[in-house]
Amino acid sequence: MSAELIKGRTRGGDEWIPSFITDLNQSTCIGCGRCYKVCPRDVFELVDRGEALADDDDDWDDDDDDEMKVMAIANANDCIGCESCYRVCPKQCHSHEQAAA
Ligand code: SF4
Ligand code: SF4
């Protein structure tokens, strides 16, 4: 038997299914901060691109990139699944998934 999905309710009592953030593609992020501003929770933080990608296995090695900021997921468990971040991102960096209760 499959697990029940986490569900929410609108003010009018209608059911809706939140879709929680699972990933943020830092290789496409331009550090604009829109997702940080729109998020109603404490999910994101801006970090140095050089630091964020130091552990990655891609080939970001331009010195200019080290001075740029990039968004990171700091606290995924605080996400309420509203998908506002996805809607405002100009680069479609965010991935979301429904979750089991
Ligand atoms: S889905 Fe909503 S709560 Fe979750 S990270 Fe995006 S804006 Fe924040
Ligand atoms: S909205 Fe998109 S491009 Fe802008 S900081 Fe957030 S993830 Fe990066």
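For the single chain, residues carry numbers from 1 onward in sequence order. Any value given below was found using the heavy atoms of this structure, including those in side chains, with hydrogens, waters and symmetry copies removed.
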A.B. asks: So how far is it from Asn25 CG to Met71 CE, rounded to the nearest 0.5 Å?
C.D. replies: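 Between atom CG of Asn25 and atom CE of Met71 there are 13.5 Å.
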
A.B. asks: Any chance you could measure Cys32, atom SG, to Leu46, atom CG, to the nearest 0.5 Å?
C.D. replies: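 Atom-to-atom, Cys32:SG and Leu46:CG are 9.0 Å apart.
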
A.B. asks: Decide if atom OH of Tyr86 counts as having more than 12 heavy atoms of other residues, nucleotides or ligands within a radius under 6.0 Å.
C.D. replies: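 Counting neighbours around OH of Tyr86, 12 or fewer heavy atoms of other residues, nucleotides or ligands fall under 6.0 Å, so no.
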
A.B. asks: Which atom pairs, one a donor and one an acceptor, fall under 3.5 Å between side chains of residues 90-101 and the rest of the protein, sequence neighbours left out?
C.D. replies:
none

A.B. asks: Output all residues satisfying side-chain hydrogen bond (donor to acceptor under 3.5 Å, both in side chains) with Arg87, sequence neighbours left out; order by chain, then residue number.
C.D. replies: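 side-chain hydrogen bond (donor to acceptor under 3.5 Å, both in side chains) check on Arg87 returns nothing, list empty.
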
A.B. asks: Which heavy atom of Asp78 sits nearest to which heavy atom of Arg41, and what is that distance?
C.D. replies: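 Nearest pair, atom of Asp78 first, then Arg41: OD1-NH2, 2.8 Å.
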
A.B. asks: In terms of hydrophobic clusters joined by side-chain contacts under 4.5 Å, are Val38 and Tyr36 together?
C.D. replies: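 No, no single cluster joins them.
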
A.B. asks: How long is the straight-line distance from CG of Leu24 back to OG1 of Thr28, given to the nearest 0.5 Å?
C.D. replies: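 Atom-to-atom, Thr28:OG1 and Leu24:CG are 7.5 Å apart.
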
A.B. asks: Are Ile21 and Val88 co-members of a hydrophobic cluster defined by side-chain heavy atoms under 4.5 Å apart?
C.D. replies: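 No, it is not one cluster - the side chains of Val88 and Ile21 are not joined through contacts under 4.5 Å.
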
A.B. asks: How close do Ile73 and Phe44 get, counting heavy atoms only, and between which atoms?
C.D. replies: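 The pair with the smallest heavy-atom distance is CG1-CE2, 4.4 Å.
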
A.B. asks: Is Asp14 paired with Arg9 through a side-chain N to carboxylate O contact shorter than 4.0 Å?
C.D. replies: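 No.
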
A.B. asks: Taking all non-hydrogen atoms of both residues into account, name the closest pair between Val47 and Ala72 and its distance.
C.D. replies: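 Heavy-atom minimum between the residues: CG2-CB, 4.0 Å.
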
A.B. asks: Once you round to the nearest 0.5 Å, how far does NZ of Lys69 lie from CD of Gln26?
C.D. replies: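 The NZ atom of Lys69 sits 12.5 Å away from the CD atom of Gln26.
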
A.B. asks: If every non-hydrogen atom of Ile6 is compared with every non-hydrogen atom of Pro18, which pair is closest and at what distance?
C.D. replies: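 Taking every non-hydrogen atom into account, O-CD, 3.2 Å.
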
